[in-house]
Amino acid sequence: MDAHTLLPPGIAPTQAATRPRLAVHRLPMAHPGDLSALAALFDQGAIEPAQVVAVIGKTEGNGGVNDFTRGYFTQTLMSLLAARLGRPAAELLRELPCILSGGTEGVLSPHYVVFARSGRPAADAAAGPGPGALAIGTAVSAPLPAQHVGRWAQVASVAGAVREAMRGSGIARAEDVAFVQVKCPCVTAARAQAAAAAGHTVLTADSGRSMAAARAAGAFGVAIALGELPDDPALEAAMLLDFERFSRRASISSGVEVEANEVIVLGHSAAWEGTLRMACAPMRDALDIGAVAEALRPLGMNAAPQLSAADAARVAAVFVKCEPDRRGHVRGARHTMLDDTDINAQRHIRGAVGGMVAGVLGDARIFVSGGAEHQGPDGGGLVAVIAHAA
């Protein structure tokens, strides 16, 4: 448990703020079903279970289709919240985004980030002066049929969910959105067979390829909602083909544990209060250490070459997307990630980029997700940082 599990001084855990306030709790896990740190926060009264609005986590599975650590964590989280709130876990599952990425290669440490909102809903709060504080909005789409995964129907579904999350967050303008995290379903063999039995054709019955297609569609959905791409169904042909089209603020994961598009929007709103701020920067390739510095700079931090202990203590959470360059080279030097049949390419890239970012921050508690199709420049990705103001 770190210092960011505490609310700012002078704010009681159950005190209703004049305006909404977001708290970020970065918590460790001893295993993929370990929610003891969150349970302890509930027991201490640091936060109330009803304040939890979203979770983003990094589990120690393989990150692939058969990574059941994500489902294990989600099941345990919903069970904990259901017991504390007196509500059915299945009901909470449809409302609360729990977005997980498997794979803690290298120095990456298993952990989860809990977003808790106190105060009145953004729609009822009066706007304050200045650019505002970090705000959050969430949305869960209707279940996405297997035949829609990776197609324009999924793009439209994600775009609609992003807009819904923005409306609920009080983030008025697309330019005020700092980061969007999405979890999309993929096509398994069973889902493909069920679709075929119902007379539908899936884009691909290959689960791994469907995860890539889902991530691409999710990225296009975010880009359309934020005005980075036009809302034109003809762009479906560009997915997984034209990598000059991408979102600079989208982080998309895909997995078997979800059936709908789960969306978390983070940005700044004058209707919110608090000390948290967020910045996001695109990575042009797997060696772009400068992008880490670029994400830190708007937050008033400078890595020279590593963050000072004082600045590191301000960091509340870090989210990274990365991609093994499909062209087979990084800055002109050949890499072998795509040809290794012993270790999946996504595991290679998570370990490499995770180590680089952790070295700059001096902290291994980083969410690093592979598969950055249309999320940042081709062969790169993005890095996003949440930190308390100095």
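No hydrogens, no waters, no symmetry mates; every other heavy atom, side chains included, goes into these values.
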Kindly say whether N344 contributes a backbone atom to a donor-acceptor pair with the side chain of Q346 at under 3.5 angstrom?
no
Any side-chain heavy atom of F367 within less than 4.5 Å of one from L108?
no
I need the full list of ring pair (Phe, Tyr, Trp, His ring centres under 6.0 Å) pairs touching residues 142-164, with sequence neighbours left out, sorted by first then second residue.
none
Given the rule that I, L, V, M, F, W and Y join up when any side-chain heavy atoms are under 4.5 Å apart, are V263 and L144 in one cluster?
no
Among pairs that include at least one residue of residues 221-231, which meet salt bridge (Lys or Arg N to Asp or Glu O under 4.0 Å), considering only residues two or more places apart or in two chains?
E228-R249
Any side-chain heavy atom of I289 sitting closer than 4.5 Å to one from L287?
no
Using side-chain contact (heavy atoms from CB on, under 4.5 Å) as the criterion, list what pairs up with L92, not counting sequence neighbours.
M78, L81, A82, L85, R87
Has S79 got a side-chain atom pairing as donor or acceptor with Q75's backbone, closer than 3.5 angstrom?
no
Where do M239 and A217 come nearest, in terms of heavy atoms and distance?
SD-CA, 3.6 Å
Taking every heavy atom of L134 against every heavy atom of W272, the minimum-distance pair comes out as O-CE3, 3.6 Å
Quick one: do L229 and V265 end up in the same hydrophobic cluster if we chain Ile, Leu, Val, Met, Phe, Trp and Tyr together by side-chain heavy atoms under 4.5 Å apart?
no
Transitive ILVMFWY side-chain link V155 to V162, under 4.5 Å
no
In terms of hydrophobic clusters joined by side-chain contacts under 4.5 Å, are M166 and I252 together?
yes
Hey, does I47 have a side-chain heavy atom less than 4.5 Å from the side chain of V52?
yes
Interatomic distance, R21 atom CZ to I136 atom CD1 [nearest 0.5 angstrom]
15.0 Å
List for me each residue that meets side-chain contact (heavy atoms from CB on, under 4.5 Å) alongside A146, sequence neighbours excluded, and say none if there are none.
V187, R191, A195, V202
Go through the structure and list residues passing side-chain contact (heavy atoms from CB on, under 4.5 Å) with S141, not counting sequence neighbours.
S157, A260, N261
For the side chain of H329 and the backbone of R331, is there at least one donor-acceptor N/O pair under 3.5 Å apart?
no
Sequence neighbours excluded, every pair satisfying side-chain hydrogen bond (donor to acceptor under 3.5 Å, both in side chains) that has a member inside residues 96-108
K58-S101, E105-R347, E105-R350
Taking side chain as C-beta onward, heavy atoms only, is S251 less than 4.5 Å from V180?
no
Answer yes or no: is there a donor N or O on one side and an acceptor on the other, between the side chain of R26 and the main chain of V318, under 3.5 Å?
no
How about CZ on R84, more than 12 heavy atoms from neighbouring residues, nucleotides or ligands closer than 6.0 Å, or not?
yes
Examine distances only and state if a side-chain atom of E262 and a backbone atom of K183 form a donor-acceptor pair shorter than 3.5 Å.
no
State, with a plain yes or no, whether a side-chain heavy atom of R326 is found less than 4.5 Å away from one of D378.
yes
Within residues 197-223 or reaching into it, pairs that qualify as ring pair (Phe, Tyr, Trp, His ring centres under 6.0 Å) - sequence neighbours excluded
F220-H374
Residue pair M211 / C186: nearest heavy atoms and the distance that separates them:
CG-CB, 3.6 Å
Please list, one pair per line, the donor and acceptor atoms closer than 3.5 Å that link side chains of residues 292-302 to other protein atoms, with sequence neighbours excluded.
none

Taking only Lys NZ, Arg NE, NH1 and NH2, and the carboxylate oxygens of Asp or Glu, determine whether D339 and R334 approach each other closer than 4.0 Å.
no
Do H268 and I171 touch side chain to side chain, with heavy atoms closer than 4.5 Å?
no
If the condition is side-chain contact (heavy atoms from CB on, under 4.5 Å), which residues does T59 pass it with, not counting sequence neighbours?
M29, D67, T69, R70, F73
Electrostatic pair D325-R284, nearest N-O below 4.0 angstrom
no
Closest non-hydrogen atom pair between A364 and V107, with its separation
CB-O, 2.9 Å
Work out which heavy atom in V53 is nearest to a heavy atom in L96; give both atom names and the distance.
O-CG, 3.8 Å
Which pairs with one or both residues in residues 29-42 pass salt bridge (Lys or Arg N to Asp or Glu O under 4.0 Å), sequence neighbours excluded?
none
For a 4.5 angstrom cut-off between non-hydrogen side-chain atoms, does Y112 reach I56?
no
side-chain hydrogen bond (donor to acceptor under 3.5 Å, both in side chains) partners for N66, two or more places apart
N62
Side-chain donor or acceptor of S247 paired with backbone N/O of A219 under 3.5 Å
no
Are F179 and F246 co-members of a hydrophobic cluster defined by side-chain heavy atoms under 4.5 Å apart?
no
Expected output: side-chain R215 to main-chain A372 donor-acceptor under 3.5 Å:
no
Among I99, V258, L100, find the residue that satisfies the side chain to side chain contact (heavy atoms under 4.5 Å, CB included) test when tested with T74.
L100
Does Q306 reach the main-chain N or O of G359 with its side chain, forming a donor-acceptor pair under 3.5 Å?
yes
Here the pair of heavy atoms bringing G218 nearest to V158 is O-CG1, 3.6 Å
Short side-chain to backbone donor-acceptor contact, Q51 and E48, under 3.5 Å:
yes
Using modelled atom types only, decide if a donor and an acceptor are shared between the side chain of E259 and the backbone of P185 within a distance under 3.5 Å.
no
Listed once per pair and sorted, the salt bridge (Lys or Arg N to Asp or Glu O under 4.0 Å) pairs that draw on residues 232-242, sequence neighbours left out
D242-R245
